[in-house]
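Structure, as structure tokens:
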Amino acid sequence: MDRMLNMLGLCARAGKLITGEKACVQAIRAGGAQVALLDGAASANAVKALTDACTSHGVPLVRTGNCSLGDAIGKPGRMAAVVTDEGMAARIIELSDADSIGDV
């Protein structure tokens, strides 16, 4: 999980990350989102909004679990983020899959 969160920090510094629930949903609907990330502590409304948008537009959704998404990207309190770069998104998905099977 640490490697994925580090990659998110890199995305933020590169300007390839959109944060905030409403901005993320707009990016997903506009077609600019490659992968969406959701903090484990997000509200039920935020979870539903992002899940519905991702399902409707075919965008992968990654839950960060107990790790703080906001702290990883340098914006404490943020619960949702979208990566707009295809290569970075692929790496985040790869790292999240590796973490889920415990193979880092």
Side-chain angles (χ1 to χ4, degrees):
M1 187 63 69
D2 288 339
R3 293 173 66 191
M4 184 184 75
L5 294 176
N6 290 339
M7 186 66 183
L8 279 178
L10 181 64
C11 292
R13 289 187 298 278
K16 303 295 183 185
L17 193 70
I18 297 171
T19 61
E21 175 194 348
K22 290 180 184 178
C24 288
V25 170
Q26 287 177 341
I28 292 167
R29 290 179 180 160
Q34 301 297 320
V35 66
L37 297 111
L38 195 58
D39 193 283
S43 70
N45 288 339
V47 172
K48 181 169 177 21
L50 246 63
T51 303
D52 290 349
C54 287
T55 302
S56 297
H57 297 282
V59 175
L61 178 65
V62 175
R63 299 290 301 260
T64 62
N66 295 332
C67 299
S68 177
L69 176 67
D71 289 339
I73 60 175
K75 297 184 180 204
R78 296 289 168 106
M79 297 290 165
V82 164
V83 177
T84 58
D85 183 77
E86 189 175 337
M88 290 179 168
R91 182 67 177 148
I92 287 172
I93 292 169
E94 179 184 315
L95 290 171
S96 70
D97 289 343
D99 287 340
S100 66
I101 30 180
D103 181 32
V104 176

Can you tell me how far apart [atom1] ([X]) and [atom2] ([Y]) are? Round to the nearest 0.5 Å.
| X | Y | atom1 | atom2 | result |
| --- | --- | --- | --- | --- |
| Leu61 | Thr55 | CG | OG1 | 7.5 Å |
| Ile92 | Thr64 | CD1 | OG1 | 11.5 Å |
| Ser96 | Leu37 | OG | CG | 8.0 Å |
| Arg63 | Leu38 | CZ | CG | 4.5 Å |
| Met7 | Leu17 | CE | CG | 11.0 Å |
| Ile73 | Leu69 | CD1 | CG | 5.0 Å |

Applying side chain to side chain donor-acceptor pair (under 3.5 Å), name anything that partners Ser68, two or more places apart in sequence or on another chain.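 Testing Ser68 for side chain to side chain donor-acceptor pair (under 3.5 Å), a comparison that skips the adjacent residues, returns Asp71.
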
Who passes side chain to side chain donor-acceptor pair (under 3.5 Å) against Thr84, sequence neighbours left out? none

Partners meeting side-chain contact (heavy atoms from CB on, under 4.5 Å) with Ala72 (sequence neighbours left out): Leu5

Qualifying residues under salt bridge (charged side-chain N to carboxylate O under 4.0 Å, His left out), relative to Asp52, sequence neighbours excluded: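 Applying salt bridge (charged side-chain N to carboxylate O under 4.0 Å, His left out) to Asp52 gives Lys48.
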
In one Ile/Leu/Val/Met/Phe/Trp/Tyr side-chain cluster, 4.5 Å: Leu8, Ile93: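 Leu8 clusters together with Ile93.
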
Tell me which pairs pass side-chain hydrogen bond (donor to acceptor under 3.5 Å, both in side chains) where either residue lies in residues 35-47, with sequence neighbours left out. none

Strictly by side-chain hydrogen bond (donor to acceptor under 3.5 Å, both in side chains), give each pair with a member in residues 9-29 just once, sequence neighbours left out. Thr19-Arg78

Taking all non-hydrogen atoms of both residues into account, name the closest pair between [X] and [Y] and its distance.
| X | Y | value |
| --- | --- | --- |
| Ala46 | Ala42 | CB-CB, 4.4 Å |
| Ala36 | Val59 | N-CG1, 3.9 Å |
| Val83 | Ala89 | CG1-N, 3.9 Å |

Could you note down all residue pairs passing salt bridge (Lys or Arg N to Asp or Glu O under 4.0 Å) where residues 79-93 supplies at least one of them, sequence neighbours left out?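 Sorted pair list: Arg91-Glu94.
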
